[in-house]
Number of protein chains: 2
Amino acid sequence: MVKIGEIAKRLGVSTDTLRYYEKQGILASSGRSESGYRLYTEQDIAQLAFVIRAKDVGFTLNEIKELLAIKVDKQSHSCEQVKQFTSEKISQVERKITEMNAILNSLKLLHKSCCGGDEPAIHCSILSALEVQNDAS
Amino acid sequence: MVKIGEIAKRLGVSTDTLRYYEKQGILASSGRSESGYRLYTEQDIAQLAFVIRAKDVGFTLNEIKELLAIKVDKQSHSCEQVKQFTSEKISQVERKITEMNAILNSLKLLHKSCCGGDEPAIHCSILSALEVQNDAS
DNA sequence: ATAAACCCTAGAGTTAACTCCAAAGTCAAA
DNA sequence: TTTGACTTTGGAGTTAACTCTAGGGTTTAT
Ligand SMILES: [Zn+2]
Ligand SMILES: [Zn+2]
Ligand SMILES: [Zn+2]
Ligand SMILES: [Zn+2]
């Protein structure tokens, strides 16, 4: 059971952010000390790591809440529903990865088509590289 | 040369958003009609498609501006700088894809570990699936 | 030729996700 | 035992990315 400052420091977020996440139902502390300090477990830290990773790749807090709801709501839902829901989320993430790869390809094409010399970049075909890739979406 | 409403409709954004992107230096129209209407080319549309895709996967407008700057600034920078910059962006995108895959694995594990039956989901090991994955980040 | 549907600008309002602040209680070390 | 670093709450302020409004001009269809 660690205090808020510790977990904040370990995962590189502010204590304000952690209190905000609690208010938003993203991550509550597992308990409080005698004096009312928030106390977090290692599991809480693991969950926060998940939240941060999801946020980093562009999920909103609401989407993250949905992802976490799979865990929270398991008492009130059937396995069938859980399976259905995770299926949807999986295709959503797969779509994002596909788009990400399209962007990566744009950049790689661009990188390849540039000679890398020290002359001004006017002559290199970067512009067309970007557009060709865009057309082929 | 199409008007703002047409491009907005075709790519599923509002005309307000397009005017906002112009103000932010993300995407200007290629010209104006006699009466001052914005006119866009197919290239503009391709660029907007790129912007939308980048936005969808979690890039901020400022990051997108950086990506587009590769194209815009080519007069004032050397090929060496361009190559350097695209390299950085490529690793940034690759990192994002890696994180995305970690999340995808969490979800897949979760999906696999659920029986999918119509009984309440209490018994299934979803919780641990999420946390195991988080620990292994 | 006139109504509907489009476009313009400038600027105000909104939402998400923080971030900061004030006023006060708690805890560890010197 | 007192200083300083922590914690609490409630609420105000900020930033990004829209979104809307007002008040006007333009284009198109009937
Ligand atoms: Zn080049
Ligand atoms: Zn070159
Ligand atoms: Zn199950
Ligand atoms: Zn089951």
Side-chain angles (χ1 to χ4, degrees), chain A residues 1-41 44-45 47-69 92 96 99 103, chain B residues 1-41 44-45 47-69 92 96 99 103:
Chain A
M1 297 291 242
V2 315
K3 282 183 289 177
I4 198 168
E6 168 87 9
I7 174 174
K9 202 171 175 186
R10 260 165 74 180
L11 294 190
V13 298
S14 75
T15 56
D16 275 325
T17 297
L18 286 172
R19 291 190 202 99
Y20 174 73
Y21 284 174
E22 182 175 304
K23 213 180 280 175
Q24 301 303 306
I26 297 287
L27 178 68
S29 64
S30 285
R32 295 285 182 123
S33 73
E34 293 270 301
S35 51
Y37 286 14
R38 287 171 181 79
L39 295 174
Y40 298 87
T41 63
D44 294 332
I45 295 173
Q47 177 161 331
L48 181 58
F50 180 86
V51 170
I52 289 168
R53 202 159 54 193
K55 217 178 53 61
D56 280 353
V57 295
F59 284 98
T60 66
L61 291 190
N62 272 334
E63 287 171 327
I64 294 170
K65 214 156 144 183
E66 279 194 298
L67 291 173
L68 294 172
Q92 184 184 323
K96 279 204 180 201
E99 292 194 341
I103 288 170
Chain B
M1 296 292 242
V2 315
K3 283 184 288 178
I4 198 168
E6 167 87 10
I7 175 173
K9 202 173 176 186
R10 260 165 76 180
L11 294 189
V13 298
S14 74
T15 56
D16 275 325
T17 298
L18 286 172
R19 291 190 204 99
Y20 175 73
Y21 284 175
E22 183 176 303
K23 212 180 278 176
Q24 301 304 307
I26 298 286
L27 177 68
S29 65
S30 285
R32 294 286 180 122
S33 73
E34 294 269 301
S35 50
Y37 286 16
R38 288 171 180 79
L39 295 174
Y40 298 87
T41 64
D44 294 331
I45 295 174
Q47 178 162 330
L48 181 57
F50 180 86
V51 169
I52 289 169
R53 201 159 55 193
K55 217 178 53 60
D56 280 352
V57 296
F59 285 98
T60 66
L61 290 190
N62 271 335
E63 287 170 327
I64 294 170
K65 215 155 143 184
E66 281 194 298
L67 291 173
L68 294 173
Q92 184 184 323
K96 279 203 177 198
E99 291 193 341
I103 289 171

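When reading the values below, keep in mind they use all heavy atoms of this one structure, side chains included, and skip hydrogens, waters and symmetry mates. Chain identifiers are assigned alphabetically (A, B, ...) following the order of the sequence lines, protein sequences preceding nucleic acid strands; residue numbering begins at 1 within each chain.
Near DNA chain D, meaning a heavy atom under 4.0 Å from it, residues 7-33 of chain A has Arg19(A), Arg32(A) in order of number.
Side-chain contact between Ile64(B) and Tyr21(B) is absent, with no heavy-atom pair separated by less than 4.5 Å.
Sequence neighbours left out, the pairs with a member in residues 25-36 of chain A that pass salt bridge (charged side-chain N to carboxylate O under 4.0 Å, His left out) are Glu22(A)-Arg32(A).
Comparing Ser35(B) and Asn62(A) by the nucleotide of DNA chain C that holds the closest heavy atom to each, the one mapping nearer the 5' end is Ser35(B). Both Glu34(B) and Lys55(B) lie near DNA chain D, and the one whose nearest nucleotide falls closer to the 5' end is Lys55(B).
Scanning for salt bridge (Lys or Arg N to Asp or Glu O under 4.0 Å) contacts around Asp56(A) gives an empty result, with sequence neighbours left out. The side chain to side chain contact (heavy atoms under 4.5 Å, CB included) search around Thr41(B) returns Met1(B), Ser30(B), Gln43(B), Asp44(B), not counting sequence neighbours. Here Arg19(A) pairs with Asp16(A) under the salt bridge (Lys or Arg N to Asp or Glu O under 4.0 Å) rule; sequence neighbours left out.
The two residues Ile26(A) and Leu68(A) make their nearest non-hydrogen contact at O-CD1, 3.5 Å.
In this structure a side-chain-to-backbone donor-acceptor pair under 3.5 Å is present from Glu63(B) to Thr60(B).
Counting 5' to 3', DNA chain D first comes under 4.0 angstrom of a heavy atom of chain A and last does so at the ends given by dC6(D) to dT9(D).
How far CD of Gln92(A) is from CZ of Phe59(A): 5.5 Å, rounded to the nearest 0.5 Å.
Remark: C1' of dG25(C) and OH of Tyr37(A) are 7 Å apart, rounded to the nearest angstrom.
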